[in-house]
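Comments concern the structure below.
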Protein chains: 2
Amino acid sequence: MSGPRFEPVRTVRAYERIVEQVEEAIESGALCPGERLPSERDLMGQFSVSRSTVREALRVLQARGLVRSRPGDPHGAEVQPFSPAALHKSMTTLARVDELSLGELVQFRMVLDASANLLAARLRTDEQLAEMDAAIAGMRAAAEVGYDAFSAADIAFHDAVARASRNKLIQICTDVVRSIVLGLVSGKIAAAADREALMRQSIGHHEEVLAAVRAGDGLLAARLSRQTMYDYYVGYVPVDERPALRALLE
Amino acid sequence: MSGPRFEPVRTVRAYERIVEQVEEAIESGALCPGERLPSERDLMGQFSVSRSTVREALRVLQARGLVRSRPGDPHGAEVQPFSPAALHKSMTTLARVDELSLGELVQFRMVLDASANLLAARLRTDEQLAEMDAAIAGMRAAAEVGYDAFSAADIAFHDAVARASRNKLIQICTDVVRSIVLGLVSGKIAAAADREALMRQSIGHHEEVLAAVRAGDGLLAARLSRQTMYDYYVGYVPVDERPALRALLE
DNA sequence: GCTAGTGCACTGGTCGGACCAGTAGGCTAC
DNA sequence: GTAGCCTACTGGTCCGACCAGTGCACTAGC
């Protein structure tokens, strides 16, 4: 009964075809980071379209973080090395549209950080362990300076752990979600009256986590890191969201 | 010694200012999904720029998934509800550029799915439990039909678990990473000679996981789900990446 | 000889105008 | 009252133009 299966003809914009072709070239490795695209005027010849169309395609590619163009650059747009900037942008948008609550974000960080610690405890090298040591030393020193410095050292520690997990997706998501969370609460933390006590407590917690990582006890490291994160942020999470956070603690 | 601190003047393109303004309007809620932007010709008046500039801004907004324009639509571009499409796109790019290996992706799925199961075991409602039951029944029925149907039912189960976790970030990331993984391996699974045995085994594993969720045993559900995912995909992961996956298993 | 300075050719960013195919909704003819 | 046409408008694409900025070759000076 069914005749030849006709598929709906999807009209494809000219600039989309260009985006697809360039994207394909980059993803297939035909174009490597650092290499240059031809100039817009060359591209309009190669694709047989007008410059407006070429430019719209380049805008899309730039929005996706694949290329970057600079006015006056005689070499054309530059193919960018991958950066999680686009990922970061869309996740930030997601959070800002208020689709995501602070509780969900912190909960996600607890999940990611715990997993990173679990993996780090089992996969870390001695150099990575040294990095974590250095980061905690930095936290201790920075606590005397102020919250901003402390926060930076704190980030360095978590980054070292994430790197030790050897999972780039964990690293990227950790980075993205953390910066969103900090954007939401860093002002409140900096203004907190008892932030010195908070920082001192946090250093102690981090030392315990590191000890577990050093000992190779992944489960302990994961549990401690969850608890550390919980204690640090629970005060800023609305009361009705806290039970969901506690559901992650044993 | 240091005079007044001058910051470098960052030249901002006209179209970027437009993107920022519209983005702000959407993220602040001044523009809601479903609402329409003025026509391009109106916008060029409001922003005092040419239509090319307006269009470049719209291309960027469209690439970020915030608006969508249709040729001939007399009402102007439509503000889109948030969709993880942009997130998906950038993560897919990341995977295609080979920044992400299959091992890392599967490992990330293990982390997400285990967390979703842990939370689901502790937060699920009876309706959600019924959804999971239905999904497993669907898997059993679909296994007779073929791999595609089975895969769809499998997805339905994991989605139900993710929803029960009550964390939208987990749901979204689960969805995105899963579709990338499936894009990489679904062909191989469909072609596997022993896929019937694989499906039957997988159903059994899922039933065990669901039993743990039903019993409220979050730790068990998490461990079983990690193991299930590992067993299902380990055959497609390069041998040298497998130890990292096993590091997630107790 | 080499360096410092200049000029040029070309770039991307923006503008304005033009045409086309498509759509929605009002209007007309039945 | 309804079916079908008409029109005003849309977004997609093209063209040509101008500007400010950049890199490089060339030149003038040491």
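In what follows, every chain begins at residue 1, and chains take the letters A, B, ... in the order their sequences are listed.
Comparing B/H75 and A/P71 along DNA chain D, the residue whose closest nucleotide (by nearest heavy atom) sits nearer the 5' end is B/H75.
Distances from the side chain of B/S39 to the nucleotides C/dA24, C/dT11, D/dG11 place D/dG11 closest. Which of C/dG12, C/dC15, D/dT13 sits closest to the side chain of B/R55 comes down to D/dT13. When distances run from any side-chain atom of B/S69 to the nucleotides C/dG13, D/dG11, D/dC14, the shortest one goes to D/dG11. Listed nucleotides: D/dG11, D/dT13, C/dG13. Nearest to the side chain of A/E56: D/dT13. Each of D/dT22, D/dC15, C/dG12 was ranked by its minimum atom distance to the side chain of A/R70; first place goes to D/dT22.
B/L58 places its CG atom 12 Å from the C1' atom of D/dG12, with the value rounded to the nearest Å. A/L61 has its CG atom 15 Å from the C1' atom of C/dG12, to the nearest Å. If you measure from atom CG of A/L43 to atom C1' of C/dG12, you get 12 Å, rounded to the nearest angstrom. Per the geometry, CZ belonging to B/R17 stands 15 Å off C1' belonging to C/dG13, to the nearest Å. Distance CZ (B/R36) to P (C/dT23): 14 Å, rounded to an integer number of Å. Note: CD1 (A/I18) to P (D/dT13) measures 9 Å, nearest angstrom. Distance CG (B/L37) to P (D/dT10): 13 Å, rounded to an integer number of Å. In this entry the distance linking CD of A/E40 with P of D/dC15 reads 15 Å, nearest Å.
At a threshold of 4.0 angstrom between heavy atoms, the contacts of A/R68 with the nucleic acid are absent.
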Notebook entry, point to check: Could you go step by step and tell me if B/S69 and B/E78 meet the side-chain hydrogen bond (donor to acceptor under 3.5 Å, both in side chains) rule?
Noted result: CA-CA 6 Å; B/S69 39; B/E78 181 180 357; over 6 Å; no
Next item on the list: Mind running side-chain hydrogen bond (donor to acceptor under 3.5 Å, both in side chains) on A/S179 and A/H88 for me, showing each step along the way?
Entry: CA-CA 9 Å; A/S179 71; A/H88 191 285; 2.6 Å; yes
Next item on the list: Using the side chain to side chain contact (heavy atoms under 4.5 Å, CB included) rule, take B/M91 and A/L87 through it: C-alpha gap first, then chi angles, then the decisive distance, then the call.
Entry: CA-CA 7 Å; B/M91 216 178 270; A/L87 210 65; 4.1 Å; yes
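A salt bridge does not link B/R166 to A/E104: none of the charged nitrogens lies less than 4.0 Å from a carboxylate oxygen.
Judged by distance alone, the side chain of A/N117 and the main-chain N or O of A/D113 form a donor-acceptor pair under 3.5 Å. Not a single donor-acceptor pair under 3.5 Å links the side chain of A/S48 to the backbone N or O of A/M44.
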Might you list the N or O atoms of the protein lying below 3.5 Å from N or O atoms in nucleotides 17-19 of chain C, with each pair's distance?
residue: C/dA18; atom: N6; partner: B/R51; partner atom: NH2; Å: 3.2

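In summary, the side chains of A/S165 and A/Q171 do not present any donor paired with an acceptor at a separation below 3.5 Å, with no hydrogens or angles considered. In summary, the side chains of B/Q107 and A/N167 do present a donor paired with an acceptor at a separation below 3.5 Å, with no hydrogens or angles considered.
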Item checked: Dot-bracket line, read 5' to 3' along DNA chain D, where crossing pairs take [ ] and | marks a partner on another strand, Watson-Crick or G-U under 3.5 Å -> ||||||||||||||||||||||||||||||
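Ring geometry for A/Y236 against A/Y233 counts as perpendicular: the plane angle is over 60°, on a 0 to 90° scale with 30° as the lower cut.
By the ring pair (Phe, Tyr, Trp, His ring centres under 6.0 Å) test, A/Y15 is found to be paired with no residue, residues two or more places apart in sequence or in another chain being considered.
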